[in-house]
Protein chains: 2
Amino acid sequence: MSNSRMTVREIARIAGVSVATVSRVSNGTGQVSEEMRRRVLEAIEKHGYRPDHLGRALAAGRHGALGLVFPGLSGPYFTELIQGFESEAGPSRASVHILCTHLRSDSDAQVLEMGRRVDGVAVIGGTVSDDALLRLAARVPVVVIAGPGPGDIASVRAENPGSMAALTRHLLADHGLRDLVFVGNPEGSPDVSERWAGFRQAHRDLGVTPPAEPVAVGLQQADGVLVAQRLLVGGEPLPGGVVCANDETALGVLVGALGRGLRVPQDLVITGFDDVPTSALVTPALTTVRQPVRELAAEAARLLLTAAGRPDDTPHGSLVLPTELVLRGSCGCPAPSPGTAR
Amino acid sequence: MSNSRMTVREIARIAGVSVATVSRVSNGTGQVSEEMRRRVLEAIEKHGYRPDHLGRALAAGRHGALGLVFPGLSGPYFTELIQGFESEAGPSRASVHILCTHLRSDSDAQVLEMGRRVDGVAVIGGTVSDDALLRLAARVPVVVIAGPGPGDIASVRAENPGSMAALTRHLLADHGLRDLVFVGNPEGSPDVSERWAGFRQAHRDLGVTPPAEPVAVGLQQADGVLVAQRLLVGGEPLPGGVVCANDETALGVLVGALGRGLRVPQDLVITGFDDVPTSALVTPALTTVRQPVRELAAEAARLLLTAAGRPDDTPHGSLVLPTELVLRGSCGCPAPSPGTAR
DNA sequence: CGGGAAACAGAAACCGGTTACAGCGACGAT
DNA sequence: ATCGTCGCTGTAACCGGTTTCTGTTTCCCG
């Protein structure tokens with residue numbers, strides 16, 4: 001029963017066979033006679049032997065693990081990402097290492113260190129330097145999630161500028177809104193940068209002058225609440241609409257606006273990006289862009305797992321998953337009847 | 001420069017020394033003459049050698065890693081937990097493995113498997129069976145976060161029943177409210193179970209009959225919105241107050257209530273538990289109980305790291321961190337002036 | 001009955017580090 | 001001059017598995 005200190009050699013001694021035979025039985029490889037198999041299995045069963053992961057990994061030259069690097073922010077987006085990644089790695093018996101860079105300066109070194117503990121690393125765009133990314137890719141397969149990979153490093157991303165442009169055009173043309181503000185920091189992440197670009201492009205396409213600067217804040221719900229405080233007080237005229245870089249800030253703005261007695265969308269139009277579960281449920285429901293976050297991470301894990309199998313090292317190319325414009329009440333579109341809301 | 005296939009023996013051959021010397025130099029242990037050190041460092045530098053983690057771990061008999069098991073739910077609570085854990089493990093050069101059970105049936109086996117890849121495991125209460133927990137603890141140090149550990153397994157938790165009772169007494173006695181409902185599923189997690197107990201205890205202490213059943217829903221913001229839909233429609237009389245098992249559902253209920261034109265706290269009182277960042281920023285600000293989530297996880301990591309050092313295996317005892325009642329506007333207490341809100 | 005192939009078991013090398021132990025030279029003390 | 005000590009270095013064993021390679025049977029077929 002004492003499973004602690006059991007090794008192949010110990011089991012071999014007990015079963016009266018060689019270590020090779022024990023290994024073959026425990027792995028189901030090679031040819032073993034019925035008699036031998038029985039003896040070995042009996043010893044294994046009796047002493048609760050399970051092969052040590054380290055020895056196995058060392059011999060195989062593989063860790064059986066994937067790494068996931070993300071900035072260390074709160075919210076549904078990142079848990080969703082983690083779970084999408086994990087749900088794909090788990091069935092392949094690969095464990096998942098995570099690293100929160102917290103946007104610290106030594107994160108490059110930490111990522112490199114992670115590179116020698118796993119068989120592949122997925123990095124959220126904007127968390128580590130391009131230099132570190134390239135050095136990392138020299139050792140293990142690397143995939144960038146939600147951002148561009150430098151060099152020929154593979155990337156998995158959602159379609160951002162197109163759908164953000166479509167959303168902005170919808171507000172400008174269909175609802176006739178003007179004086180839109182964009183909430184989000186384009187410097188902070190490639191995703192936001194692309195959305196800001198799409199936002200401006202839509203303006204130019206329609207001959208409208210876009211705002212010169214975004215409202216550069218973080219991506220958390222609390223940031224949205226702060227924006228509402230800043231934007232909706234005093235004698236300042238209300239903006240025509242608040243286009244947020246993600247749903248979390250949009251929900252923050254929404255809560256802040258409703259809490260100040262503003263009516264959405266009559267007094268203020270608000271839109272988000274991501275389509276997190278809450279967005280369909282609030283009143284008014286949030287107009288947003290649906291993004292397959294879980295799929296993004298799952299796809300990254302799949303790429304890494306296949307790349308880890310072959311010596312043909314890093315996967316190439318850039319995979320762009322489609323997004324979908326979701327029009328709900330918060331932009332002024334007629335809200336679907338509550339029963340059919342998804 | 002080719003760091004790939006460099007081993008101790010290779011470096012030793014190049015530098016013209018023995019593997020022992022290389023190891024001593026790279027680890028800074030033992031006595032090495034200046035001349036030897038120089039030669040070795042030169043070879044290491046020139047060929048970009050970094051010792052392989054697997055070989056080192058195998059020799060040391062330690063993985064240099066901690067595991068974190070959580071159910072796989074979204075939201076700020078879990079990202080907070082992950083980061084608290086990671087921020088403590090990182091500086092000790094321990095990597096963090098995560099496992100989302102998704103409340104699947106085979107999670108016990110997965111947890112056991114994780115047990116042989118790490119030096120210690122932290123498990124969120126309610127995610128794996130007691131049996132699996134005990135088997136796991138036979139191999140590696142184990143700490144339960146936010147829940148009771150079976151046997152003498154250590155646990156780190158926040159004070160739940162007392163602060164929830166204090167909050168409930170405040171609503172019943174100070175605000176004179178009746179017909180409170182409790183939102184949360186006591187079966188789902190030990191935390192919620194303790195809070196439900198505190199809620200009922202406060203009723204009994206004041207001679208008020210508590211509700212027989214909680215509104216048993218999940219812990220996500222979307223669940224709160226659904227509760228608002230269910231609770232606040234039609235001819236049903238409004239409850240006197242909605243006491244939520246955590247802030248996320250409370251924020252969901254708040255958004256749902258505000259979206260229906262209800263005034264909080266005049267028409268409906270809402271309280272939460274956790275004090276997530278958003279709760280202080282919404283209007284009205286959410287009355288809640290502050291819980292040191294990050295600290296909880298960090299403390300668990302610390303316990304595991306010290307336990308992993310010594311052969312004295314699993315840590316014992318149960319550590320209970322204090323919580324703090326935070327009275328804000330959503331229960332009817334006078335809201336602090338906006339400038340001083342924290 | 002002889003020959004070849006297939007089935008099976010074990011010894012030993014290997015994965016990439018760490019470290020106990022032994023050996024060797026230089027130095028100081030007796 | 002001799003002995004002990006100290007400082008440094010190398011050899012080899014070890015961590016716990018997998019796998020190659022060799023050798024022995026056994027079986028089948030001509």
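Heavy atoms only: backbone and side chains are in, while hydrogens, waters and symmetry mates are out. To find a chain, count down the sequence lines: A is the first, B the second, and so on, and within it residues start at 1.
- Counting only heavy atoms from C-beta on, A:Ala59 has its side chain closest to D:dG16 among D:dG16, D:dT9, C:dA20.
- We find that CZ of A:Arg50 is positioned 11 Å from P of D:dT18, with the value rounded to whole Å.
- The nucleotide whose nearest atom lies closest to any side-chain atom of B:Thr21 is, among D:dG10, C:dG16, D:dG16, D:dG10.
- Comparing the helix axis at one end of the helix from C:dC1-D:dG30 to C:dT30-D:dA1 with that at the other, each defined from 5 consecutive pairs, gives an inter-axis angle of 60° (nearest 10°).
- Atom CE of A:Met36 is separated from atom P of D:dT24 by 17 Å (rounded to the nearest Å).
- Look at CZ on A:Arg24: it is 16 Å from P on D:dG17, rounded to the nearest Å.
- We find that CG of A:Leu54 is positioned 10 Å from P of D:dG17, with the value rounded to whole Å.
- Residues forming a salt bridge (charged side-chain N to carboxylate O under 4.0 Å, His left out) with A:Glu86 (at least two apart in sequence, or on another chain): none.
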Would you give me the side-chain donor-acceptor pairs under 3.5 Å for residues 15-22 of chain A, sequence neighbours excluded?
from: A:Ser18; atom 1: OG; to: A:Ala20; atom 2: N; distance (Å): 3.4
from: A:Ser18; atom 1: OG; to: A:Thr21; atom 2: N; distance (Å): 3.4
from: A:Ser18; atom 1: OG; to: A:Thr21; atom 2: OG1; distance (Å): 3.4

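- Using a cutoff of 4.0 Å between basic side-chain nitrogens and carboxylate oxygens, A:Arg38 and A:Glu34 are not scored as salt-bridged.
- Of the candidate nucleotides C:dG10, D:dG10, C:dT18, C:dT18 has the atom nearest to the side chain of B:Val8.
- Nearest-nucleotide positions on DNA chain C for A:Arg9 and A:Ser33 put A:Ser33 closer to the 5' end.
- Distance check, rounded to the nearest 0.5 Å: CD of B:Glu299 to CZ of B:Phe85 gives 12.0 Å.
- Listed nucleotides: C:dC8, D:dC8, D:dT18. Nearest to the side chain of A:Gln31: C:dC8.
- Listed candidates were C:dC15, C:dT19, C:dA9. Nearest to the side chain of A:Leu58 is C:dC15.
- For the pair A:Thr7 and D:dG16, the criterion of a side-chain N or O lying under 4.0 Å from OP1 or OP2 is not met.
- The CD-C1' distance, from B:Glu35 to D:dT9, rounds to 13 Å in whole Å.
- To the nearest angstrom, C1' of C:dC15 lies 16 Å from CZ of B:Arg56.
- The side chain of B:Ser18 contributes no N or O atom lying less than 4.0 Å from OP1 or OP2 of D:dT9.
- A:Leu112 CG to A:Arg139 CZ: the interatomic distance, rounded to the nearest 0.5 Å, is 9.5 Å.
- When side chains are defined from C-beta on, A:Arg56 does not count as touching A:Asp52, because their heavy atoms never get closer than 4.5 Å.
- Residue A:Val17 is classed as a sugar-phosphate contact, given heavy-atom separations below 4.0 Å to backbone atoms only.
- Checked against D:dG17, C:dG10, D:dT9, the side chain of A:Asp52 finds its nearest nucleotide in D:dG17.
- Residues B:Val128 and B:Leu133 approach most closely at CG2-CD1, 3.4 Å, considering heavy atoms.
- With rounding to whole Å, B:Arg39 atom CZ is found 13 Å from D:dG10 atom C1'.
- The distance between atom CG of B:Asn27 and atom C1' of C:dG16, rounded to the nearest whole Å, is 13 Å.
- Panel note: side chain B:His53, backbone B:His63; a donor-acceptor pair is recorded below 3.5 Å.
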